[in-house]
Amino acid sequence: QTNPLTFLGVFGGTTLGIGVRSSAAIIQATAGGCVLALESSGAKAVWVSGGASVHTNDCGVGAVSNSTDAVDVSGGATITATGGGQIEAEGTVVGCTAALCSPYPPEDGVTVSNPYASLARPAVTCPGSSPPAASGGKVNVPAGTYSSLSYSNTAVTLTGEYYYICGGAIGGSGSTTFSSTSSSGTMIYATCSSGACATNYSQSSSSMTFSGSSNGSWAAPTSGTYSGIAYFQDPYSKTGTSVTISGGGSSCFTGTIYAPRSTLTYSGSGTSYCNTALVAYTITFSGGATMLESAAGSSGGPSAPTSMLIE
């Protein structure tokens, strides 16, 4: 499938295919998204290691960082960008050789920008209510504002469009599953306990984790300001928060994961297929995770991709 890009077309080309391969699994993306790290000066803003392989189609892998190690390819990992996509950084891409990176050489010292920099954060009144308790290993959660949204060994059904989480954990462990029945799509917004992270970056927002055999699966809204955004982190959060997909679960997101102050990590020994755009503070692929990504254009950014993580 090939889908058009809007904001993420800044990397060149109109569609995306991304793949990551390690000794245990493959991370792969197709049709219309990008891998973009927003950290401005640190090393390894994008880090592909441990035999991983990232493949993009008609779009690239990029880092805003001006570090001399902005994009790091190590441990036998490879990056391949086809269809006009580039491997690029405002700083320097290291570890690439003609055998490991294509196109070669990568582009150093180019301007890379955040396509969502002007996206306004929603107004949220916190601390919100406690999430509904599970019964019989399952729970239906209506749209609303919650202190957290985290479960263990629970089938969680999101029945609404917008979920605002006030500083508490998001995600699942054990055999937890997250799914949505909203015909309008679903977005989870991670903010601070105060309702809006302080603009001096002194507070931490919620983090999202799916570990073990847990998984998340929902589609982003298809219209409005947040069209195409499946997960949105408050852009004024302190760094150190995270989005982590690990272990052997199966996570499917239809839309962009926009986590501008989070470390985003795909790891584990499983095989994953994810169709989504990844825009985060730093991005790491390691340990055998496998992902297939894609994103389609809309007025609010990429939409209508799908993604899944499978062991």
Side-chain angles (χ1 to χ4, degrees), residues 5-18 20 27 29 32-49 52-75 77-98 100-119 199 201 232-233 235-243 256-266 276-286 293 295 301-302:
L5 287 172
T6 52
F7 294 130
L8 293 177
V10 297
F11 284 98
T14 57
T15 60
L16 163 72
I18 302 172
V20 175
I27 298 180
C34 283
V35 173
L36 171 61
L38 303 175
E39 214 280 14
S40 63
S41 60
K44 295 181 173 66
V46 175
W47 189 13
V48 186
S49 66
S53 173
V54 176
H55 182 268
T56 69
N57 180 31
D58 292 341
C59 198
V61 175
V64 173
S65 175
N66 60 13
S67 168
T68 56
D69 188 11
V71 176
D72 189 292
V73 184
S74 60
T78 64
I79 299 178
T80 303
T82 61
Q86 298 294 327
I87 305 164
E88 57 190 13
E90 293 205 9
T92 306
V93 179
V94 301
C96 278
T97 66
L100 297 177
C101 298
S102 179
Y104 182 83
E107 296 188 353
D108 298 332
V110 302
T111 299
V112 181
S113 59
N114 178 4
Y116 295 108
S118 63
L119 185 64
T199 56
Y201 303 100
F232 181 16
Q233 179 198 23
Y236 290 101
S237 174
K238 214 174 160 179
T239 57
T241 56
S242 62
V243 174
T256 296
I257 296 176
Y258 179 47
R261 303 289 288 173
S262 286
T263 57
L264 192 156
T265 302
Y266 275 86
T276 186
L278 304 178
V279 182
Y281 191 68
T282 63
I283 301 174
T284 297
F285 300 108
S286 66
E293 301 181 67

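Position 1 is the first residue of the sequence; numbering continues from there.
Separation of atoms OG1 (T263) and OH (Y281) is listed at 10.5 Å; rounding is to 0.5 Å. Distance check: I79 CD1 to D72 CG gives 9.0 Å after rounding to the nearest 0.5 Å. We find the OH-CG distance between Y266 and L278 to be 5.0 Å, quoted to the nearest 0.5 Å. Distance OH/Y104 to OG1/T80: 14.0 Å, rounded to 0.5 Å.
Here the closest non-hydrogen pair linking S49 and S286 is OG-CB, 4.0 Å. Here the closest heavy-atom approach between residue A37 and residue A45 is recorded as CB-O, 3.4 Å. Annotation for V64 and V112: closest pair CG2-O, 3.4 Å, computed over non-hydrogen atoms. Among all heavy-atom pairs drawn from A63 and L36, the shortest one is N-CD1, 4.5 Å. Between A259 and V243, the shortest heavy-atom distance links the atoms CB-CG2, 3.9 Å. Here the closest heavy-atom approach between residue Q233 and residue R261 is recorded as OE1-N, 2.8 Å.
With hydrogens and angles ignored, the 3.5 Å screen pairs a side-chain donor or acceptor of S65 with a backbone N or O of G42. A donor-acceptor pair is defined here as one N or O able to donate and one able to accept, closer than 3.5 Å; such a pair exists between the side chain of D108 and the backbone of V93. S237 places no side-chain N or O within 3.5 Å of a backbone atom of S262 that could act as its donor or acceptor partner.
The side-chain heavy atoms of Y258 and N114, taken from C-beta on, include a pair separated by under 4.5 Å. T111 places a side-chain heavy atom less than 4.5 Å from the side chain of E90. At a threshold of 4.5 Å between non-hydrogen side-chain atoms, the residues I87 and V73 do not count as touching.
Every residue two or more places apart in sequence or in another chain that forms a side chain to side chain donor-acceptor pair (under 3.5 Å) with D69 is listed here: K44. Listed by chain and number, the residues in a side chain to side chain donor-acceptor pair (under 3.5 Å) with S242 amount to none (sequence neighbours excluded).
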Inset, instruction - Would you please test V94 and T68 for side-chain contact (heavy atoms from CB on, under 4.5 Å) and show each step? - result: CA-CA 8 Å; V94 301; T68 56; 5.9 Å; no
